[in-house]
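To start, the structure itself, in structure tokens.
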There are 2 protein chains.
Amino acid sequence: MAAKNSGARSKRTRRTSERPPPQEPPLSRERIVTTAVELLDAQGIEGLTMRRLADRLGAGVMSLYWHVDKKEDVFDLALDAVLDYRASPPGNEPQDWRGEAIHMLEDWRASMLRHPWSASLLPRRVLGPNILSRLERLSQILSRAGVADTNLNAAIWSLWNYVMGATITLASFDVSDDDRAAAQQRLTRLSERYPTIERSRLLLDDDWNGAFRKGLGFLLDGLSPK
Amino acid sequence: MAAKNSGARSKRTRRTSERPPPQEPPLSRERIVTTAVELLDAQGIEGLTMRRLADRLGAGVMSLYWHVDKKEDVFDLALDAVLDYRASPPGNEPQDWRGEAIHMLEDWRASMLRHPWSASLLPRRVLGPNILSRLERLSQILSRAGVADTNLNAAIWSLWNYVMGATITLASFDVSDDDRAAAQQRLTRLSERYPTIERSRLLLDDDWNGAFRKGLGFLLDGLSPK
DNA sequence: ACAATAACTCGTACATTGTACGATAAATAT
DNA sequence: ATATTTATCGTACAATGTACGAGTTATTGT
């Protein structure tokens, strides 16, 4: 009957003069977002529920909905929060455009890998300010490098596609590389059917960084103005 | 009280001698899978629920669970069903490896675009027989083309990454290209912040096929043995 | 022929989710 | 003081995946 929580501290009661709220500053969009990122990092995409999020914030579930319209918004905000890019100011070094592009794309990939849930969310939501900034930046780099306006969009999307594919794939694998091992084993059993990829142990290959850089190089080679 | 469904035909009753079950052949994995694909095509990934699926099959929800362990399995099966590849027998034409590779990859992409829900599922489940077949095939093509064993895995994954990134992105966009338009509009309002991608109307570009082919070409150029 | 067993179907029940709807309370404006 | 805005949150509900076990039908063993 009595308190359902064995009454530890019925959440959020504070009349006048008490300890400064144990450690709950008032709810805010920022607090929600950073906590959401923590939760996503810890529990993955399935692990983020409004209830858990509220718990971590020491708040009631429905309080979240004053700051946020739907759960989707939380994802959007968390995603964008993870994608900001601090780099040298936009328009200085006209020299090493290739290096600049590579740096920016690898940093982008690294940011997503640091939060494996983020990669698979991004394609659905290309709209956040931080990701637009990155696209703008890339656009400028290529433009300054001499890529014709007619080819600019194709160039950007090619790079986008490559980075996203690589990152989503790796992030999903990371989530469960025992799956990967299991698959390679199953694959061995079927080696008559898949002799080539069995022999090269495709599913166990792990030089992802190397492979990424190599393919990226090829793309940039092709895209750079002759 | 009486029949909850205004009693059209209380599901699954048939004693002796009746019309051959109106059109419900017995439940089976295959029937479940093809119906799941239909449902996914019609309603998208969120639209597939066990209840809806069972309804479409004229069966009770829990009947599905005799043929399938978890909902995840339905996704896996539907995904693989959509990815099979019928092409010229594996080992004939030693000439046009580039054309062969392009054909296979574009067909793969097209298959996924025909079922926009499929692309985003694939990275999580690289294991189905049909997708393994495709990887095997690609492997053989590249191998026959003279790609050294040391570079084979990197080559395959580069192509995989590119194809997946391109397809996931496009499939997500297709789902909601009004979002895209809205974003471009929002972008116009912010044209001081994102001048370059605003000017090139990046988010409205729609020569996806062209861009895809171009980038793919660059990758193959880079990957082909000198 | 009949009994036993396997193959299959499905209703009920439950825990978990997102969130609509007000009822509060606190801060601020009038 | 009173009214309004800002913020919090409990209750309630509908939708979901699926555990459990009771049914039914088909197959097999004798």
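Throughout, a chain's letter reflects where its sequence line sits, starting with A, and its residues are numbered from 1. Note that these values count all heavy atoms, side chains included, but never hydrogens, waters or copies made by symmetry.
Only A/W66, A/H67, listed by number, bring a heavy atom of residues 65-75 of chain A to less than 4.0 angstrom from any atom of DNA chain D. Of all the residues in residues 39-53 of chain B, B/L48, B/T49, B/M50, B/R51, B/R52 reach under 4.0 Å from DNA chain D with at least one non-hydrogen atom.
Atoms CG (B/L64) and P (D/dA19) sit 13 Å apart, rounded to a whole Å. Per the geometry, CZ belonging to A/R29 stands 15 Å off C1' belonging to D/dT6, to the nearest Å. For the pair B/D55 CG and D/dT16 C1', the interatomic distance rounds to 14 Å; values are reported in whole Å.
Once rounded to the nearest 0.5 Å, the distance linking CG of B/N161 with CZ of A/F212 reads 8.5 Å.
Distances were taken from every side-chain heavy atom of A/M62 (C-beta onward) to each of D/dT8, C/dC10, C/dA20; the shortest belongs to C/dA20.
Note on B/S63: a side-chain N or O is less than 4.0 Å away from OP1 or OP2 of C/dC10.
Every residue meeting the side-chain contact (heavy atoms from CB on, under 4.5 Å) condition with A/R213, not counting sequence neighbours, appears here in chain and number order: A/E106.
A salt bridge is defined here as a Lys NZ or Arg NE, NH1 or NH2 lying under 4.0 Å from an Asp or Glu carboxylate O, and B/E136 with A/R193 fails to meet this definition.
Counting only distance, with no hydrogens or angles, the side chain of B/Y162 and the backbone of A/G215 share no donor-acceptor pair below 3.5 Å.
The aromatic rings of A/W157 and B/F173 sit perpendicular, their planes meeting at an angle over 60°, well past the 30° parallel limit.
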